[in-house]
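In this text, all values refer to a predicted model and were calculated from it rather than measured experimentally. Proteins get letters first, then strands, A, B, ... in listed order; numbering begins at 1 in each.
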Amino acid sequence: MSNYDSLNDCQRQAVFHTEGPLLLLAGAGSGKTRVLTHRIAYLIEEKEVNPWNILAITFTNKAAGEMRERVDQIVGFGSDGVWVSTFHSMCVRILRRFADRLGYGTNFTIYDGDDQKTLMKDICKRLEIDTKVYKEKMFLAAISHQKDELRGPIEYETQVFGDFTKRKICDVYKEYQATLKRNNAMDFDDLIVKTVELFRTCPDVLEYYQDRFRYIMVDEYQDTNTAQFKLVSILADKYRNLCVVGDDDQSIYKFRGANIENILNFEKDFEDATVIKLEQNYRSTQNILDAANGVISHNIGRKEKALWTENERGEQITVRQCMTSFEEADYVTADIRRRKNKGEFDYKDCAILYRTNAQSRLFEEKLLMANIPYKLVGGINFYARKEIKDLLCYLKTVDNAKDDLAVRRIINIPKRGIGAASLAKVQNYAVDRDISFYDALKDAANIVSLGRAVAKIEPFVTFIQTLRSQAEFYSVHELLQSIIDMTGYVTELQAEGTDEAKARIENIDELISKIVTYEESTKEPSLSGFLEEVALVADIDDQDEDSNHVVLMTLHSAKGLEFPNVYLTGLEEGVFPGYASINADDPDELEEERRLCYVGITRAMKRLTITCAKQRMVRGETQYYPISRFIREIPIRLVQTGREQVKTEQPAKKMPDVHSPYMQAKKAFKSKAFDPNQFRVKKADSLDYTVGDQVRHIKFGVGTVENIIDGGKDYEVTVNFEKVGVKKMFAAFAKLKKV
DNA sequence: AGACAAGGTATTTTT
DNA sequence: TACCTTGTCT
């Protein structure tokens, strides 16, 4: 039995409002997941709604898992009837049943980003498109955008007119879609698009699901795109019991087609919608909340909200500017260790957040050296690793040989001496006869042009056929073991003996245990079932709650989580906000970065540390970055800069020169921190060189000054170096000497 | 056909 | 810096 008294007024109102459309505007940390779970409990316990009739949609598997757990906890018996699912897995479930209505096999495969890229490369070759001019990525992005808006190739064609590039995209789109269908495959976007298509073309199917899902809830509504919005509104059209929860300030997936307008559209599409705002924050201290509000208030296009809390004011926010990114990592590592030793925080209370995945490496290194356990979330997807994909493609091939991509991936793994030339011949044969690649392989003996290569292909086909017959009486993990044994995959890695090879073997072991777990936890385990589950999983969701480790992740993956002690790192103009968003024509790109910053700040419960570095290695080059504008947007009274130099692992190599630009900047930083005007490296009164002069740079050598811009805080000097070409740099940092 | 070297290019963010 | 593509040599 759940206790509704523990909810505040607004929350309770939201829980009790079960009939008709409801828009819940829930600020960060306002307990929205609690509301959703209590709402589900209320529907079942008080309204006697059959759990079977309830659908809760979240965005990530992580969120779905968490919600599932909490629903189970609060509802107890009978809760497993409730569908708690991501958009994508919900669609897969529906399509597995009805995809045949759209001309697909119900055993279709799902293509991930890598598969899409491979496919696109193929198509560009087929259509004789020069990928130097038109990048595969560009086509994929364009197609994905169209799908987000529910426009198929036919609909897109009407928009082409005379535009040459659009014409090309359209041709590629058509071919891409046709190939997917031929391969009996769908990409991630298709899962949504095809489900909508299914509902639009098959009223009986639609009605079935409308009747089934009489109560629908959508979490993270601000991240839905048009297609997802359409999907939900069609489903809810009959009973109109749709509850969406979102926060426009936390919309951070515009780049993926998320449409903030959906929040506004909701009130348009459902005119009778009730709107409830949740504004009390239960997560963070007053200081952290004030900082977050300070930053987000700089966004223009937002709904005004007043997030408040009854929590104590808490500690000030630490802001730390380091000289280099290495020092930044040292600082964070040392700080974590210090607080752990003091007993203030456990490792698992700490999270290090950053803008891009590439930034994780430094922290990993330092944590490793300091012997602090950590866990990296995201990054290279477990299932995207080469060794895992190889083996999965074997399983896929055994399961459904219509997936050409999988077959082609493994045909030469291990090396079977089948080269590109032979593959092309098989491919042609397959296209001519309109059969799958694998079927063409089976027919190899009849492909005259192949010649001797036939002898190499035939054993492969026999091998796969053998596996197929095994699949009937082997369990999935036995089948995989058989593949590993027969291909000598692991043996080959063992022979290699490198650390990397060992790590790969460990990953393979991990895969085997995952399969075993799957088989133990599923009623009717099957090869297809396992592959399906795997296709939609982003990263290993081993949330070993008991193990105690620091968490490293991007700001994006941090959404929806909370940590007592958060480190927000790399707050530099050019890193966060990223270079691209600063230079974008669309000012909303910067606003999205700011929302991302807001998300980051509001992850913190008790302590927040913000760090940045003056000097950072990016793509192997040292770059100089000014402090992020987001730091300046935090009211100064909330901030402490931490005067004490934290001891780092390596002793300083040399006494810093007090007159160096760094020391000057440091002085400026410490004395009058957070007056925006003081956030500057000390600008030289004048430069001893001008445009046209020859200057020498410590690393780049000699070059000619092309331009000097007085940027207010420093001179931005453009120099054309003889060896490395044109570089822009700040005078105070670059230490240019006239020659 | 496969191994290896050289050169070019890329960085947001994720289901 | 690190990966991936391309070209060359065996």
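- Backbone-only engagement by A:Arg361 is indicated by non-hydrogen atom pairs under 4.0 Å involving sugar-phosphate atoms exclusively.
- Counting non-hydrogen atoms of other residues, nucleotides and ligands closer than 6.0 Å to CZ of A:Arg96 gives a total above 12.
- Aromatic rings from A:His556 and A:Tyr253 are positioned such that their centres are separated by under 6.0 Å.
- Following rounding to the nearest Å, A:Lys135 (NZ) and C:dT5 (P) show an atom-to-atom distance of 12 Å.
- You'll find that the side chain of A:His556 is closest to B:dT13, out of B:dT15, B:dG2, B:dT13.
- Regarding contacts with the backbone of B:dT14, every side-chain N or O of A:Thr60 stays at 4.0 angstrom or more from both OP1 and OP2.
- Put simply, CG on A:Leu353 is 13 Å from C1' on B:dT13, counting in whole angstrom units.
- Nucleotide C:dT6 holds its P atom 8 Å from the NZ atom of A:Lys125, rounded to whole Å.
- Within the 4.5 Å cutoff, the side chain of A:Leu231 has heavy atoms near those of the A:Met90 side chain.
- Environment of CD in A:Glu365: crowded, with over 12 heavy atoms of neighbouring residues, nucleotides or ligands closer than 6.0 Å.
- Shown here is A:Lys194, whose NZ atom has more than 12 heavy atoms of other residues, nucleotides or ligands within 6.0 Å.
- Distance CE (A:Met90) to P (B:dT15): 17 Å, rounded to an integer number of Å.
- Side-chain proximity of A:Phe255 to B:dT14, B:dA3, B:dA1: nearest is B:dT14.
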- Message: Under the criterion side chain to side chain contact (heavy atoms under 4.5 Å, CB included), I'd like the reasoning laid out for A:Ser251 against A:Ile263: C-alpha separation, chi angles, the key distance, then a yes or no.
- Response: CA-CA 11 Å; A:Ser251 157; A:Ile263 289 193; over 6 Å; no
Mind listing the N/O atom pairs, protein and nucleotides 7-10 of chain C, below 3.5 Å?
none

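- Ring pair A:Phe213/A:Trp83 is tilted by interplanar angle, where 30° to 60° counts as tilted.
- Between the CD atom of A:Gln228 and the P atom of B:dT14 there is a distance of 16 Å, rounded to whole Å.
- Of the candidate nucleotides B:dT11, B:dA1, B:dT15, B:dT15 has the atom lying nearest to any side-chain atom of A:Thr86.
- A sub-4.0 Å separation between OP1 or OP2 of C:dC3 and a side-chain N or O of A:Lys386 is absent.
- Comparing A:Ser581 and A:Phe59, the nucleotide of DNA chain B nearest to each residue sits closer to the 5' end for A:Ser581.
- Nucleic acid contact class of A:Asn357 (heavy atoms, under 4.0 Å, all strands): sugar-phosphate only.
- Using a 4.0 Å cut-off between charged side-chain N and carboxylate O, A:Lys366 and A:Glu328 make no salt bridge.
- Nucleic acid contact class of A:Lys117 (heavy atoms, under 4.0 Å, all strands): none.
- Per the geometry, OH belonging to A:Tyr354 stands 14 Å off C1' belonging to B:dT11, to the nearest Å.
- Distance from the side chain of A:His88 is smallest to B:dT15 among B:dT15, B:dG2, C:dT5.
- Residue contacts shown for A:Ser144 are absent, as no nucleic acid heavy atom lies under 4.0 Å away.
- Here B:dT15 presents its C1' atom at 14 Å from CG of A:Leu231, a figure rounded to the nearest Å.
- For A:Tyr253 and B:dT14, the ring-to-base geometry does not satisfy the stacking test (centroid distance below 5.5 Å, interplanar angle below 30°).
- Residue whose closest nucleotide on DNA chain B sits further toward the 5' end, between A:Thr554 and A:Arg416: A:Arg416.
- Put simply, CD on A:Glu136 is 14 Å from C1' on B:dA10, counting in whole angstrom units.
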